[in-house]
Amino acid sequence: MEIIEGNIIDVHTNQIYPGKIFVSNGKILKIEKSNQIYSTFISPGFIDAHVHIESSMLTPEHFSDLIISKGTLAIVNDPHEIANVMGERGVRFMIDNSRKARVKCFFGIPSCVPATPFDSAGEIISTEMTERLAATKEFVCLSEMMDIPGVLNESPEVVQKIKIAKKYHLKIDGHAPLLSGEALKKYVQAGISTDHECSNLDEALEKIDAGMKILIREGSAAKNYNALKSLIASHPDSVMFCTDDAHPDEIIRNGHIDYLVRSALKDGFDLFTVLRIASLNPVKHYNLSVGTIQVGENADFIRIRNLESFEVLEAYKDGRKVYEKGENLSPVIQDTTDFSELNRFFQHKIDVSYLRKEVVSKQNLCIEVTDGEIITSKSFFDSDSGSNFESDIDRDILKIVYLNRYSLDKKPQVSWIKGIGLKEGAFATSIAHDSHNILAVGCSDSDIQEVINRLIENKGGLVVKNASGLYMLELPIGGIMSDKNAWEVAERYEFLTMELKNTGCRLTSPFMTLAFMSLIVIPELKIGEKGLFDFKSFRFLEEDKE
């Protein structure tokens with residue numbers, strides 16, 4: 001039996017008291033109050049209620065090494081990124097690798113692979129696969145239902161997947177940006193219980209009134225805490241915290257769920273309310289086997305220095321200490337596993353002539369991005385340019401290219417984008433939500449060609465080209481994840497970001513922002529298999545010309 005002592009934070013009774021926790025066989029046998037004076041606090045560990053580990057570019061094992069030091073003890077992971085590349089095999093890889101993780105990894109079954117019928121992914125998750133995965137009892141939810149038209153129009157495949165989730169008593173996560181009115185009611189009536197895409201308070205309140213739980217998201221590309229934070233006080237039982245997509249450099253610099261906890265406390269919200277949102281609410285909603293410092297539960301908790309910094313000194317999972325401050329979390333020895341079979345990259349190098357794009361009118365449509373948002377807007381620009389328009393740096397109009405990496409017979413889709421700020425060169429990524437094809441932005445066709453061809457040559461990664469050279473972060477696992485630890489990945493990622501900012505890019509997280517430019521289930525204008533896609537009409541605009 002082990003005894004852990006400290007000032008115990010009881011989120012069930014709203015008390016903090018000095019006490020002893022008696023642990024045996026991974027469970028809490030009893031908790032006794034003490035007359036001792038302690039300088040540290042014992043708190044429930046934090047839970048990220050919705051995250052895509054792959055977006056960190058790390059494996060579950062390496063991701064856990066990073067977030068355990070921030071007090072996160074459990075995550076609800078949606079592996080739809082790797083599923084879009086490798087299908088069921090990719091999901092199985094994530095689960096198998098998570099068994100080596102320090103944190104508790106719970107999984108959702110990806111509901112939309114590909115995200116919509118308009119996407120072209122490497123693999124699919126069919127209804128038959130969904131049934132097979134659900135029957136394993138290894139999942140806690142059907143992950144975000146992005147096919148809103150499929151729900152509203154009662155698509156047979158969508159209806160069947162929802163039925164499977166209900167059959168196996170799985171929660172059904174939502175993805176419904178700006179959905180409201182009768183459409184929202186029908187979406188919720190289908191059985192969908194959460195949404196992490198709210199970007200304003202009125203939207204969140206309407207969804208709560210409709211019966212949904214709202215996940216307050218603070219990731220690397222989408223940051224919604226400030227817009228939604230009043231829900232912590234007004235609807236504390238209806239909210240949870242999540243990151244959705246977070247890069248390792250930002251987690252190292254700012255934190256993970258602990259960042260949301262600290263932010264909420266600085267804004268004056270009640271300690272116990274904040275901690276329940278960060279721990280108890282997701283446990284109850286998803287029925288997670290995570291302890292919250294109660295007798296008979298799993299011995300899962302963290303020891304923190306104080307209630308301001310929430311600096312984590314120790315972390316316990318099932319009664320076993322899995323982290324202690326000061327230990328080396330970035331070992332030099334790397335995994336020697338051969339990941340070459342966990343990828344699908346069939347595109348050949350492209351010729352620069354494929355990148356030509358004519359300016360056909362005075363009013364040329366352009367994607368406009370806003371820093372810190374994944375929702376885009378429509379912009380237009382005038383030009384008297386000739387047959388091929390590459391960029392107008394003074395007006396911040398650059399060329400954006402989408403290229404399918406799974407098929408040899410697909411040529412690039414080319415359009416324009418505003419809001420990046422790049423003054424020279426180009427950058428490209430094979431992390432492109434959700435199908436993970438190739439996206440590139442640049443000032444000249446030749447630079448765009450070079451970064452795309454480097455990606456193809458290395459079968460995935462992040463690439464930057466500027467006047468000083470060409471730089472890359474290789475991502476051998478599915479073209480979206482590294483086999484290296486979080487600190488190595490973060491260092492290289494920060495280097496690439498700085499090279500971009502040195503050339504004028506004004507985005508806080510340029511690669512993350514670019515990755516969402518092909519996510520056509522997010523308003524308002526994106527680029528995909530047939531060019532620009534309009535979210536409101538839910539169609540490719542190029543089809544109007546056919």
Side-chain angles (χ1 to χ4, degrees), residues 48 50-58 63 66-67 77-78 80-82 84 115 144 175 177 196-197 199 217-225 242-256 259-260 367-376 398 400 402 417-422 426-442 451 455 460-464 471-473 475 478-482 486 489-501 503 505-523 526-527:
D48 190 335
H50 177 77
V51 65
H52 307 285
I53 292 176
E54 307 99 302
S55 293
S56 71
M57 302 171 288
L58 305 172
F63 185 68
L66 177 59
I67 63 175
N77 182 64
D78 175 7
H80 79 191
E81 313 296 355
I82 192 66
N84 271 276
E144 53 181 310
H175 169 112
H196 60 276
E197 294 290 346
S199 55
R217 173 177 60 185
E218 193 75 4
S220 290
K223 301 178 185 295
N224 308 125
Y225 167 77
C242 80
T243 60
D244 196 9
D245 300 283
H247 278 164
D249 64 309
E250 191 162 339
I251 296 174
I252 291 170
R253 185 169 58 250
N254 297 330
H256 192 233
Y259 174 79
L260 282 158
I367 300 169
E368 184 161 0
V369 301
T370 301
D371 193 22
E373 295 287 346
I374 59 177
I375 292 175
T376 59
L398 305 175
I400 182 169
Y402 171 102
I417 191 166
K418 182 179 179 66
I420 304 290
L422 207 64
F427 66 111
T429 178
S430 56
I431 299 174
H433 300 295
D434 279 318
S435 296
H436 299 294
N437 289 298
I438 297 170
L439 284 173
V441 166
V451 293
L455 271 188
L462 310 178
V463 184
V464 171
Y471 310 100
M472 183 171 190
L473 168 60
L475 300 172
I480 58 176
M481 287 185 285
S482 172
V489 173
E491 181 180 14
R492 188 62 178 174
Y493 179 77
E494 284 188 310
F495 171 78
L496 294 180
T497 301
M498 188 56 63
E499 287 297 320
L500 280 175
K501 292 185 176 181
T503 62
C505 181
R506 56 175 178 264
L507 298 176
T508 303
S509 187
F511 282 107
M512 183 69 88
T513 299
L514 178 59
F516 281 98
M517 292 306 102
S518 60
L519 187 54
I520 62 176
V521 293
I522 296 288
K526 297 294 191 291
I527 189 168

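The two residues T376 and M517 make their nearest non-hydrogen contact at CG2-CE, 3.6 Å. Contact record, A246 with I251: CB-CD1, 3.9 Å, taken as the closest heavy-atom pair. Contact between N224 and S199 at its shortest, heavy atoms only, is ND2-CA, 3.9 Å. When every heavy atom of L422 is checked against every heavy atom of G442, the shortest pair comes out as CD2-CA, 4.3 Å. Nearest heavy-atom pair, I374 versus K526, reported as atom, atom and distance to 0.1 Å: O-NZ, 3.1 Å.
Residues meeting the side chain to side chain contact (heavy atoms under 4.5 Å, CB included) test with Y225, sequence neighbours left out: I216, E218, K229, I232, L260, S263, A264, D267, F269. Listed by chain and residue number, H433 satisfy the ring-ring contact (aromatic ring centres under 6.0 Å, His included) test with H436 (two or more places apart in sequence, or in another chain). With sequence neighbours excluded, the residues satisfying ring-ring contact (aromatic ring centres under 6.0 Å, His included) with F427 are F511. Partners of H50 according to the ring-ring contact (aromatic ring centres under 6.0 Å, His included) rule, which considers only residues two or more places apart in sequence or in another chain, are H52, H196. Contacts of T508 classified as side chain to side chain donor-acceptor pair (under 3.5 Å), with partners at least two apart in sequence or in another chain: D371.
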For this session: Dump the intermediate steps for side chain to side chain contact (heavy atoms under 4.5 Å, CB included) on L507 and I420, then the final yes or no.
Result: CA-CA 6 Å; L507 298 176; I420 304 290; 3.6 Å; yes

Exercise. Passes side chain to side chain contact (heavy atoms under 4.5 Å, CB included), N77 versus F63? Steps please.
Worked result: CA-CA 11 Å; N77 182 64; F63 185 68; over 6 Å; no

For this session: I would like to know whether D78 and H80 meet side chain to side chain donor-acceptor pair (under 3.5 Å); could you show each step before the answer?
Result: CA-CA 6 Å; D78 175 7; H80 79 191; 3.2 Å; yes

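The CE atom of M481 lies 4.0 Å from the CD1 atom of I82; values are rounded to the nearest 0.5 Å. Summarising the geometry, atom CD1 belonging to I480 is positioned 9.5 Å from atom OG belonging to S56; distances are rounded to the nearest 0.5 Å. Atoms OG and CG, on S509 and L500 in that order, are 10.5 Å from each other to the nearest 0.5 Å. Distance CD1/I438 to OG/S518: 11.5 Å, rounded to 0.5 Å. Atoms CD and CG, on E494 and L473 in that order, are 12.0 Å from each other to the nearest 0.5 Å.
Looking only at side-chain heavy atoms (C-beta outward), T497 and P510 come within less than 4.5 Å of each other. Counting heavy atoms from C-beta on, the side chains of I527 and L439 come closer than 4.5 Å.
The environment of Y259 atom OH is sparse: at most 12 non-hydrogen atoms of other residues, nucleotides or ligands sit within 6.0 angstrom. Within a 6.0 Å radius of CD in E491, no more than 12 heavy atoms belonging to other residues, nucleotides or ligands are found.
Sequence neighbours left out, the pairs with a member in residues 506-515 that pass salt bridge (charged side-chain N to carboxylate O under 4.0 Å, His left out) are D396-R506.
Put simply, the side chain of E54 gets close to the backbone of E81: a donor and an acceptor are under 3.5 Å apart. With hydrogens and angles disregarded, a donor-acceptor distance shorter than 3.5 Å links the side chain of D48 to the backbone of T243. Between the S430 side chain and the G461 main chain, a donor and an acceptor come within less than 3.5 Å of each other. Using modelled atom types, no side-chain atom of S435 and backbone atom of N437 make a donor-acceptor pair closer than 3.5 Å.
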